[in-house]
Structures are given as C-alpha cells and as structure tokens.
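Inspection log for the structure reproduced underneath, given as structure tokens.
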Amino acid sequence: MYKSVMRKYARLTVRMGVNLQKKQGLIVVAETDQAEFALMVADEAYKAGAKWVDIRWSNESLQKLKYRHESLKVLSETKAWEKARLQDQVDEMPARLLIESSDPDGLRGVNIEKMQKAAVARMAVQKPYRDALEGKQQWCIAAVPSVKWAKKVFPGLRASQAVEKLWEAILKAVRVSAGNDPILEWQAHSDALEARGKKLAARNFKTLHYYNVNGTDFRCDLIPGSKWEGGGARLKDGTFFVPNMPTEELFTTPKKGTAEGTLVATLPLSFQGNLIENFSITFRDGKVIEVHAEKGQALLEKIVSIDEGASMLGELALIPSDSPISNLGILFYNTLFDENAACHAALGRGFNETVPGFENMTKEELDAAGVNDSLIHVDFMIGDANMNIDGITESGEVVPVFRNGGWTGEFL
Ligand code: ZN
C-alpha cells in the first residue's frame, strides 16, 4: 500500500536530501534488510542522472559480533582498502546517503569503552579524508523502519502492524504524503528555518535563560557572533542539500564553562539500548555537578564522566512543541527523530560550524572560543509546551524567544 509513497520518499532523499547532480556518483549505505527501499533510491538516482550507484550493505548483528569477538587493536584498524575507498571519494566526490533503520537495542551489551576507543582510533586515521570531503560532498541521513526498531517503538503490535505504523510516522515526520509535493514543502520548510536562524543570530544574544514549571531554571552564554544552523546546508560551491531528514531544529554551540542551573528532561534518554527516565541535570560554572534520575541514575553518572567534556554542553537546539514530530507523540528511540521533537541540549562535543570564522581556526582557537570537545555527543530533551526562553543581550535587554513551548515576538 505504501509503494507509491515510499517511492516519493526515495525520490525526495535523492533530489532534496543529497541533491544528486547529473553525472555524479551516489554511495548508499543501508542495512541488509532494507534492500527494497535502497533499490528504489538507486532507481531514482539513475533517473536523476547518476553516473553510478553503489550500495554498501551493513548488518548490525555482524557489527555486534565484531565488537564482542575482535580485539581492540583489530577493531581500531582502518584497512588499506578502506583508505583506498575514502581516497576514491575524495578524488571523485560522489554524494552519500545513509539509510538509517537500526535497532535501538542493537548494541545493547557491547562494551561502550571498547566501542568508543575503536571509533576514536579509526576517526584519527580517517580524519584527513573526512576533512577533504567536508564542504564538498553532499550527504544525507534518512530513516526507514526495520522490524526490530518498529517493535521497540510499538511493542504491543504484531511485527507487520508495527512496521506499518512506523512507516506512517516517518512519512509524516519527513513531510511525505500521497497528495503532496514533498520537494516543494521541504524548500519552504528549509527557507523558514534559515530565515529564523538569521533573526536569532542577528540578535547576538549573550545569554539564554530557560525556565518552566517542570523545574528547569537554566542559563548559558552563547559564543559571540555565533550562528544558528538549521534546515538545509550548502557546499562551498553553493550546492544545497539536506543533511538530516527529518529536521526541525535550529541549533548552536553554547560557550563552554557558562552553563548554570538545572535542566529537567521532558523525554527519556535512550543510550545504547538503555533508558534513563525522569531525570534532571544541574550545572555550575559550566560543569555538571549533580544528576538525578528515577531510572538509570548509574548510567547517567557514567555518561557525564566518560571524559572531561562529557560533563559540559556542546549544543543548544530550539524546536517548538507544536511541530510535526512532537505532534506524533511517539518516542522513536532514535536521535534523528527524538531530537527534533523538543528543545534539547547535548552533553559533549560541540559543532565548530556555528562559530564565525571556524574555517580558519585551529583546534586551540576553537577551544578558546568556547567549543566543547568530548568523545560523546548525547542529546537530551528539555522542551515541552511549558518552555519559556529569554534571550539576554550584552546590554541586559531581555527578549522573549519562546513562550509556552513556541516561538514568540519577532521569531514567530
Ligand atoms: Zn540537535
């Protein structure tokens, strides 16, 4: 029943997500159980003029076996053929589409430290290639249901019903329906996000103050001149693409060391197959000094102490409580969706690209500007229909930004 709508979605990821150019190659990364959608994407890519399409199949169960049985040394290696593949991407600049369908519990039981150490080692070797691709390669992450994911989101339903329900939810979230032109909708959506981001940046707020009846009372400074990113992105040559589908957020990197007060979570946090529920995090001088969780206290304590940066913030993101994803009222157990359902903050690594002049700054300069660094970047949701946020300017003017969970004043 969904075939025609599925195809529309596949077309959207090609034409709007990666915005594949004529005679450009396309790398698709997909789980082995997503062949049907991956092949639709391939077909749509050829229709859009792809020079070639290469699907790289992955399998989460195999990944888990690898983490369990291979040594850290082996897991940390980047093989010669992987480097050759990366070099090939740098030379030819194909677009890259990741089809996300992972089981939220797929890595449960895996040694987190081993996984992270291996990832860091591989990242170090692959960084020169990634840097060479940055700003030149269009990429996009979009999601399709797997049985395990769907059963996690809708545990009471039969597998086939759960998958159907998750399809419905995903298609709503990515603005694809039987009767619409999703490409036009995405253009308007992305333009609106970008315009609002510019208005926020133009105010150059020194501090944001969050407060609501849940007990959140929190202040954090922003990096002077910082940008609010959202919607689509542009390559250095101006080519437009949409890195995340869906996306509802405007985000920035807050100034490290300035977080003060308490954030009360409004949604559970799913961390590698484990849930942390009804929790709050309190900061002083930019660092976590206290966490409280009705469920998952020990895990939350562990997360904030993985490394020094894990106890500081790397992201603040604003999303109105009246948005297509939050209106679904579903916990997806997947950051791509859940982080777009509510205002959130992230513990750990910040984004360089919201800092003015980041292209020409060294790691030390970004550090000094206030960009936090960590092995982790963990989003947690703090927004709901009660959220109020004020922007405070350098001169002390208090400007309402959010009232009762939604944009207000000039930001409406
Ligand atoms: Zn975010």
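Note that ligands are numbered from 1 as they come in the structure, with each ligand's atoms numbered from 1 the same way.
Aromatic ring orientation, Tyr211 versus His209: tilted (interplanar angle from 30° to 60°). Between Phe37 and Tyr9, the ring planes lie tilted relative to each other; the angle falls in the 30° to 60° range. The aromatic rings of Phe218 and Tyr210 sit perpendicular, their planes meeting at an angle over 60°, well past the 30° parallel limit.
Residue contact annotation: Glu249 places an N/O/S atom under 2.8 Å from the Zn ion (ligand 1).
In this structure, Phe240 and Val242 have side chains that are in contact, with non-hydrogen atoms separated by less than 4.5 Å.
With the Zn ion (ligand 1) as the vertex, atom OE2 of Glu315 and atom NE2 of His344 span an angle of 90° (nearest 10 degrees).
Take the N/O/S atoms of Glu339: the one nearest the Zn ion (ligand 1) is OE1.
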